[in-house]
Amino acid sequence: MYRTHNNGQLRAADINKEVTLSGWVQKTRDKGFMVWVDLRDRYGITQLIFDEERTSKEVMDQCTKLGREFVIQVKGTVIERESKNPNMPTGDVEILVSELLILNESKTPPFTIEDETDGGEDLRMKYRYLDIRRKPVRENLIFRHKVAIAVRNYLSTEGFIEVETPYLIKSTPEGARDFVVPSRMNEGQFYALPQSPQTFKQLLMVGGLDKYFQIVKCFRDEDLRADRQPEFTQIDCEMAFVDQEDILNVFEGLTRHLLKEINGVEISEFPRITYDQAMAKYGNDKPDIRFGMEFGELNKVTQHKDFGVFNQAELVVGIAVPGGNRFTRKEIDKLIDWIKRPQVGALGMIYSRCNDDGTYKSSVDKFYDQEDLAKWAEVTDAKAGDLICVLSGDKNKVRTQLSALRMHLAEELGLRKSDEFAPLWVVDFPLLEWDEETERYHAMHHPFTSPKPGQLELLDTNPGEVKANAYDLVLNGNEIGGGSIRIHDKKTQALMFDYLGFTPEEANAQFGFLMDAFQYGAPPHGGLAFGLDRLVAILGGQETIRDFIAFPKNNSGRDVMIDAPAPIDAKQLEELNLAVTLSKK
Ligand code: ASP
């Protein structure tokens with residue numbers, strides 16, 4: 001038997017017990033006549049003591065050979081510690097060692113395996129198995145496990161069945177590039193790894209399973225913007241005979257359950273706003289509503305004076321920064337520099353200080369009097385002591401810029417509190433999105449999303465205005481899930497493919513199987529998917545998904561530990577009948 005107890009288990013009540021423990025040497029403190037060793041495993045740390053007077057010479061000698069991360073087994077007696085450590089669950093006791101067995105030696109690890117390590121990100125990723133021995137990483141993985149189990153239990157209780165769908169499939173267009181896998185048995189042909197199980201879960205509804213879920217890996221070959229992973233995990237769901245309301249209710253229930261179970265937070269009904277409202281109020285379809293600073297549109301109260309910049313703008317819009325009047329001129333200039341950076345791209349910013357005595361002082365006093373500025377304050381809901389920041393220009397651009405400023409200020413002012421949770425549904429997304437590059441409409445969610453009833457006709461006259469039965473769940477400024485009610489008849493689906501620029505032949509070659517299935521009594525259905533990695537990170541009070549993934553990839557999509565991706569050898573290429581020509585780039 002390797003152990004009678006784990007290293008997080010022993011307490012004062014165990015004093016005098018003979019125990020066997022195994023684990024890793026976290027550190028040793030050697031006073032010559034006495035040696036202390038911190039023995040670690042997943043469950044905690046227990047202190048061992050080797051004492052010249054009470055431990056045999058042989059064991060004393062042996063213990064001087066111990067290095068960091070050696071794997072050992074000890075036998076000994078639980079004794080009361082002289083200087084107790086109230087910060088450790090096992091801090092009342094230590095083990096007076098009588099036998100020591102080195103189970104495996106260890107090279108000196110490249111970084112310290114402690115809560116606060118001296119190892120940088122790259123080094124820790126290269127030796128991730130050592131990083132996982134550290135408590136913060138281990139606890140994140142355990143936390144993820146808890147969330148996943150809570151999800152499974154909840155959905156299973158609600159009657160959902162977890163069904164696995166294949167990884168080697170044909171492309172599902174969801175806006176990203178596919179990862180592809182060559183087929184040895186079918187020369188010149190490739191599988192695609194699923195961007196999501198979208199078409200399969202719809203086919204499961206045609207198959208009559210009624211309520212499906214799966215905690216599943218999805219693969220998207222995207223340029224990795226900050227905090228994205230090429231393979232990530234979704235809680236993927238689909239239901240038959242439902243409308244949007246049914247889906248929102250079930251998954252609001254799931255989210256509420258998780259917040260309660262995992263975070264002990266009770267949240268009543270989630271607010272719902274339309275996509276159009278979200279864009280107008282926050283300039284963003286995933287607004288963080290933990291704080292205010294809602295947009296106030298100022299066209300009406302600014303475009304009656306001679307200020308050309310505002311008069312020519314499609315949109316003049318502002319936010320009231322709480323307490324912002326205390327910003328110095330220098331601080332405001334810094335803000336202006338911040339929004340002028342190419343990443344944000346604003347041309348400038350007008351502001352109005354809301355003084356405590358109820359007067360205003362703006363950067364455009366030449367054009368606007370106190371009465372005008374009072375109206376700005378009314379529209380932006382500014383109070384005495386606030387600062388009104390105003391941007392103007394092209395509607396869509398200005399909204400994005402002001403949204404960036406709103407988030408930046410919230411961060412600076414400490415308004416994005418990680419222990420506060422503010423979920424909301426954003427509904428009624430547009431069906432289509434104009435793509436400047438290809439100069440055509442794309443499905444905003446995916447091509448299987450149904451338009452709102454009665455809006456199909458609008459596709460011919462005003463495609464950008466058509467709204468979809470599509471919804472997102474947003475938590476603390478992050479989209480954690482999204483889905484839609486699907487098209488379930490062949491005719492509408494074919495029409496949709498046509499609008500999206502597929503010829504009937506292309507649509508048939510790519511999605512014939514789905515349209516065929518729709519001819520055999522497909523029920524009305526819909527669903528959604530939550531990003532598990534992001535959900536776990538937010539519930540865990542952090543924003544980096546990498547911290548909650550056992551073996552994540554870096555920003556270039558590399559696993560630096562196993563060194564992937566990598567070339568394959570000539571024999572494998574030959575078997576696949578593939579030749580590799582490297583581009584000259
Ligand atoms: N397949 C979609 C996605 O991955 C989710 C859904 O529509 O259910 O975003």
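When a ligand or atom number is given, it counts from 1 through the structure's own listing order. Below, each value reflects all heavy atoms present in this structure, side chains not excepted, and no hydrogens, waters or symmetry copies.
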Under a 4.0 Å heavy-atom limit, does [X] contact ligand 1 with its side chain, its backbone, both, or neither?
{"X": "K201", "value": "side chain"}
{"X": "R486", "value": "side chain"}
{"X": "R220", "value": "side chain"}

Q: Report the residue from V180, I169, L168, D178 that forms a side chain to side chain contact (heavy atoms under 4.5 Å, CB included) with Y191.
A: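 Checked V180, I169, L168, D178 against Y191; only one passes side chain to side chain contact (heavy atoms under 4.5 Å, CB included): L168.
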Q) Honestly, is K211 close enough over F160, meaning NZ or CZ under 6.0 Å from the six-membered ring centre and within 45° of the axis? A)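 Yes.
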Q: With R256 as the cation and F270 as the aromatic partner, state whether NZ or CZ is under 6.0 Å from the six-membered ring centre and within 45° of the axis.
A: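 Geometry flag: set, cation within 6.0 Å and 45°.
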Q) Where do Q214 and D236 land on the side chain to side chain donor-acceptor pair (under 3.5 Å) test, with the steps shown first? A) CA-CA 5 Å; Q214 183 181 192; D236 191 45; 5.0 Å; no
For ligand 1, which atoms have a heavy atom of [X] less than 4.0 angstrom away?
{"X": "Q234", "answer": "3 (C), 4 (O)"}
{"X": "A529", "answer": "5 (C), 8 (O)"}
{"X": "H446", "answer": "2 (C), 6 (C), 7 (O)"}

Q | Parallel, tilted or perpendicular: rings of W338 and H408 (30°, 60°) | A |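 Rings of H408 and W338: parallel, as their planes differ by under 30°.
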Q. Nearest protein heavy-atom contact for atom 5 (C) of ligand 1: which residue, which atom, what distance?
A.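 Ranked first by proximity to atom 5 (C) of ligand 1 is G482 O, 3.5 Å.
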